[in-house]
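Worth knowing before you read on, the calculation uses all heavy atoms, side chains too, and leaves out hydrogens, waters and symmetry mates. Chain naming here is simple, since letters A, B, ... match the order of the sequence lines and numbering starts at 1 in each.
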Number of protein chains: 2
Amino acid sequence: MKQKKTKDSEKTVKFYSIKDEIRILGIDDGPFDLHAGGQALLVGVIYRGGKFLDGVLRTEVAVDGTDSTEKVAEMVCKSKYKDIRIIMIDGLGFAGFNLVDIEELFERTGLPVIAVVRDMPDFAAIDEALENTAHKEFYLSCIKKAGRPKKVVNRDKKHIYIQYRGITFSDAEKIVKLSSTRSLIPEPIRVAHLIASGIVLGESRGGA
Amino acid sequence: MKQKKTKDSEKTVKFYSIKDEIRILGIDDGPFDLHAGGQALLVGVIYRGGKFLDGVLRTEVAVDGTDSTEKVAEMVCKSKYKDIRIIMIDGLGFAGFNLVDIEELFERTGLPVIAVVRDMPDFAAIDEALENTAHKEFYLSCIKKAGRPKKVVNRDKKHIYIQYRGITFSDAEKIVKLSSTRSLIPEPIRVAHLIASGIVLGESRGGA
């Protein structure tokens with residue numbers, strides 16, 4: 001599978017300055033039953049940089065569906081929190097293979113999107129897994145549009161990877177670094193993960 | 001109604017030192033339908049002092065019921081988070097009149113309990129409201145055991161009130177102050193409130 005090279009010259013939001021307390025919407029999904037064919041909980045937290053929580057949003061998406069982009073865009077656009085400057089998502093999708101089209105999410109919300117992953121995705125394994133899904137072409141297009149994951153050296157010389165849209169790599173890297181105050185994972189995503197797993201299971205688990 | 005005077009000489013947990021990052025479990029309820037007679041969501045957040053989130057717990061209690069003490073004790077005792085040092089609750093009860101017996105909660109969990117309220121409760125109005133409840137005697141005993149609310153001057157010369165069990169006033173005051181990093185309300189309760197309302201309504205509302 002070929003990923004698009006992300007050019008910083010593409011349409012991006014200009015950040016003239018990036019404040020330590022920039023409002024970031026971090027989103028993660030809760031645990032779900034892969035075989036029940038139902039819905040998964042999505043939790044969005046509005047975090048001030050890597051410092052403190054401003055608000056919480058909630059929506060649901062279909063397991064192995066195609067509605068993540070639409071549901072996240074809707075959650076953002078109808079929210080009273082109008083000062084969100086950037087969207088961060090835990091991986092490129094939620095609820096199994098319900099991938100986000102980050103280009104479309106950027107276009108619909110006007111907000112840059114950063115997808116954060118701990119390890120470089122195994123694209124060969126993903127290609128194989130996609131063969132068994134109902135929406136292969138859509139998922140392939142989401143992966144292609146997201147561009148090749150790029151390394152961000154984060155804390156203690158360790159790194160994570162990001163895919164992004166609507167922002168330059170340099171700005172995305174700055175925002176990831178400033179918000180990773182407690183672990184390698186930016187605080188808005190770490191906290192969204194704890195909330196989503198805690199609400200679904202009764203007790204949170206793992207890091208993000 | 002008479003409230004018991006809280007004597008610091010009563011059984012208390014001794015805090016030899018109180019760390020800035022002491023693990024506090026803050027609990028608040030989500031919005032619920034008073035007339036549907038159902039359950040209300042309780043969200044517990046494990047917060048490191050007033051600084052950052054360590055974990056999230058969830059349970060439910062009956063609207064206008066009597067199971068808050070038991071449900072909170074159960075949530076705490078079965079949790080993998082074994083380093084919680086103190087429980088903070090938003091007001092003396094949840095889900096309408098489902099009051100917490102903070103003396104029993106202390107005895108069952110071994111953890112001191114602090115109930116935080118923004119304003120001095122109007123006990124005459126509460127007495128009147130209790131007349132129409134199914135569990136008047138139980139609620140009266142919870143209020144009596146909680147003791148008279150005491151003022152804590154918190155930030156900017158403003159104050160809140162606390163009721164407490166299993167801890168001296170001086171230690172309770174220190175913990176309330178150190179954890180109120182963002183507002184008059186200690187961070188563990190402010191954040192539990194945002195999560196509970198966000199999950200139930202789709203978007204958080206108000207402060208705690």
Side-chain angles (χ1 to χ4, degrees), chain A residues 21 23 25-31 41-60 71-72 74-82 84 179-183 185-208, chain B residues 21 23 25-31 41-60 71-72 74-82 84 179-183 185-208:
Chain A
E21 297 192 354
R23 285 174 176 82
L25 175 65
I27 306 174
D28 199 5
D29 54 353
L41 173 72
L42 284 201
V43 171
V45 303
I46 296 129
Y47 231 80
R48 301 293 297 271
K51 293 191 171 174
F52 62 100
L53 184 74
D54 241 12
V56 175
L57 307 177
R58 185 254 303 147
T59 190
E60 286 86 29
K71 289 295 193 67
V72 171
E74 190 181 85
M75 180 174 84
V76 170
C77 294
K78 77 176 187 189
S79 168
K80 72 179 177 198
Y81 293 99
K82 296 300 175 203
I84 299 167
S179 60
S180 302
T181 48
R182 297 287 161 193
S183 77
I185 302 299
E187 203 61 1
I189 289 183
R190 192 186 68 83
V191 167
H193 174 85
L194 290 172
I195 296 172
S197 60
I199 292 295
V200 171
L201 303 173
E203 173 158 84
S204 49
R205 68 178 184 194
Chain B
E21 296 191 356
R23 285 172 175 83
L25 175 65
I27 306 175
D28 200 5
D29 55 353
L41 174 71
L42 283 202
V43 171
V45 302
I46 296 130
Y47 231 79
R48 302 293 298 271
K51 292 190 174 176
F52 62 99
L53 184 75
D54 240 12
V56 174
L57 306 177
R58 184 253 304 145
T59 191
E60 285 86 29
K71 289 297 192 65
V72 171
E74 190 182 86
M75 180 174 84
V76 170
C77 294
K78 76 175 189 191
S79 168
K80 71 178 178 198
Y81 294 99
K82 296 300 176 203
I84 298 167
S179 60
S180 302
T181 48
R182 297 287 159 193
S183 77
I185 301 299
E187 203 61 1
I189 289 184
R190 191 186 69 84
V191 167
H193 174 85
L194 290 172
I195 297 172
S197 61
I199 292 296
V200 171
L201 303 174
E203 172 160 84
S204 49
R205 67 177 186 196

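Screening B/V56, B/T59, B/L57 against A/E203 for a side-chain contact (heavy atoms from CB on, under 4.5 Å) leaves a single residue, B/L57.
Contacts between B/V43 and chain A at a heavy-atom distance below 4.5 Å involve the side chain alone, from C-beta outward. Looking at A/I46, neither its backbone nor its side chain comes within 4.5 Å of chain B, counting heavy atoms on both sides.
Side chain of A/R182 to main chain of B/L53: no donor-acceptor pair is present (N/O by atom type, distance under 3.5 Å, no hydrogens or angles).
Among A/V200, A/L201, A/I199, the residue making the largest number of heavy-atom pairs under 4.5 Å with chain B is A/I199. Among A/G50, A/S79, A/G55, A/G44, the residue with the largest count of heavy-atom pairs under 4.5 Å with chain B is A/S79.
In this structure, CZ in B/R58 is found 11.5 Å from OG in A/S204, a value given to the nearest 0.5 Å.
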